[in-house]
Amino acid sequence: HSGMIDRVEALGFDDGHDFYPASPARPPFLHLLRTHTAIGLELISDLSNHAIEAWRRSQSGPGHTPIPITLDLGEGETEYWGDQGTYCWFRGESHIHMLDSALLALDAWAQERLAAGDPLDELCLRIARGNKCNAVLGICAGLCLANLAAAATSPAALEIGTHPALWQWDLGRQVGDMGSFSNEIA
């Protein structure tokens with residue numbers, strides 16, 4: 001339990017039990033994304049950017065300096081911060097229920113939009129725009145895997161699919177998905 005408190009303090013959130021258990025259906029995130037997309041995307045970006053900045057501060061110190069990865073998803077190079085653990089936040093693994101619910105909702109919404117016919121590259125840009133957290137890249141990678149036909153000609157999919165850190169992180173995510181069912185609440 002003290003590890004959870006340390007993580008809550010390190011990431012700058014104290015969401016109590018309002019978002020427990022984390023779920024993509026937990027208000028307000030999925031509803032905002034469906035009804036006021038720009039507001040929902042901005043809110044989730046602000047939450048994840050706040051968390052990743054706190055993560056960066058907690059990771060900095062003697063002998064350890066986090067470095068970003070840089071990708072161009074279609075609007076120029078952007079830096080994304082994080083490691084394997086932060087990459088999996090979109091799977092509910094930050095253990096900050098508000099952030100987990102927000103990123104789970106973003107993933108669910110993105111899959112809905114892809115199924116509705118939104119272009120893959122445009123969707124990846126909308127999700128990643130303004131976000132500095134590598135967890136959004138996990139959502140984009142999932143979109144690429146969900147529509148391999150679109151990914152075959154997608155510049156965003158090529159950028160995501162050929163980055164060595166993303167390969168490593170996504171393989172770790174896939175292994176974790178095989179053994180974890182903690183976020184099956186819809």
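Residue pairs meeting the side-chain hydrogen bond (donor to acceptor under 3.5 Å, both in side chains) criterion with at least one member in residues 28-41, sequence neighbours excluded, are Arg34-Glu112. Residue pairs satisfying the salt bridge (charged side-chain N to carboxylate O under 4.0 Å, His left out) criterion with at least one member in residues 137-155, sequence neighbours excluded, are absent.
Side chains of His163 and Leu71 form a contact here, defined as non-hydrogen atoms less than 4.5 Å apart. Side-chain contact check for Cys88 versus Trp169: every heavy-atom pair is 4.5 Å or farther apart.
Rounded to the nearest 0.5 Å, atoms CD (Glu159) and CG (Leu166) are 9.0 Å apart. Rounding to the nearest 0.5 angstrom, the gap separating the CD1 atom in Ile96 from the OG atom in Ser101 is 11.5 Å. The CG atom of Leu41 lies 11.0 Å from the CG atom of Asp46; values are rounded to the nearest 0.5 Å. In this structure, Phe90 CZ and Leu99 CG are separated by 12.5 Å, a value rounded to the nearest 0.5 Å.
Closest of all the heavy-atom pairs between Ala51 and Trp89 is CB-CZ3, 3.7 Å. Here the shortest heavy-atom pairing between Ile69 and Ala165 reads CG2-CB, 4.1 Å. Minimum heavy-atom separation, Ile44 to Ala102: CD1-O, 3.5 Å.
Heavy atoms from other residues, nucleotides or ligands lying under 6.0 Å from CD of Glu42 number 12 at most. Shown here is Leu148, whose CG atom has more than 12 heavy atoms of other residues, nucleotides or ligands within 6.0 Å.
A side-chain donor-acceptor contact under 3.5 Å links Asn49 to the backbone of Ser45.
With sequence neighbours left out, the side chain to side chain donor-acceptor pair (under 3.5 Å) criterion links Gln59 to His64. For Asp72, there are no side chain to side chain donor-acceptor pair (under 3.5 Å) partners, not counting sequence neighbours. Partners of Glu79 by side-chain contact (heavy atoms from CB on, under 4.5 Å), not counting sequence neighbours, listed by chain and number: Pro68, Thr70, Trp81.
Follow the hydrophobic side-chain contacts under 4.5 Å out from Leu30 and you reach Ile39 in the same cluster.
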side-chain contact (heavy atoms from CB on, under 4.5 Å) for Phe29 and Leu103? Distances and angles first, verdict last. CA-CA 9 Å; Phe29 305 109; Leu103 291 170; over 6 Å; no
Can you list, pair by pair, the side-chain donor-acceptor contacts under 3.5 Å of residues 120-142, counting residues two or more places apart and other chains?
{"unit_1": "Asp121", "atom_1": "OD1", "unit_2": "Ser154", "atom_2": "OG", "d": "2.3"}
{"unit_1": "Asp121", "atom_1": "OD1", "unit_2": "Ala156", "atom_2": "N", "d": "3.2"}
{"unit_1": "Arg129", "atom_1": "NE", "unit_2": "Glu75", "atom_2": "OE1", "d": "3.1"}
{"unit_1": "Arg129", "atom_1": "NE", "unit_2": "Glu75", "atom_2": "OE2", "d": "3.3"}
{"unit_1": "Arg129", "atom_1": "NH2", "unit_2": "Glu75", "atom_2": "OE2", "d": "2.6"}
{"unit_1": "Asn131", "atom_1": "OD1", "unit_2": "Ser48", "atom_2": "OG", "d": "3.1"}
{"unit_1": "Asn131", "atom_1": "OD1", "unit_2": "Cys133", "atom_2": "N", "d": "3.0"}
{"unit_1": "Asn131", "atom_1": "ND2", "unit_2": "Ser48", "atom_2": "OG", "d": "2.9"}
{"unit_1": "Asn134", "atom_1": "OD1", "unit_2": "Thr86", "atom_2": "OG1", "d": "2.8"}
{"unit_1": "Asn134", "atom_1": "OD1", "unit_2": "Tyr87", "atom_2": "N", "d": "3.2"}
{"unit_1": "Asn134", "atom_1": "ND2", "unit_2": "Asp83", "atom_2": "O", "d": "3.1"}
{"unit_1": "Asn134", "atom_1": "ND2", "unit_2": "Thr86", "atom_2": "OG1", "d": "3.4"}

Only pairs under 3.5 Å count here: list side-chain donor-acceptor contacts from residues 104-111, not counting sequence neighbours, and write none if there are none.
{"unit_1": "Asp107", "atom_1": "OD2", "unit_2": "Arg91", "atom_2": "NH1", "d": "3.4"}
{"unit_1": "Trp109", "atom_1": "NE1", "unit_2": "Leu33", "atom_2": "O", "d": "3.3"}

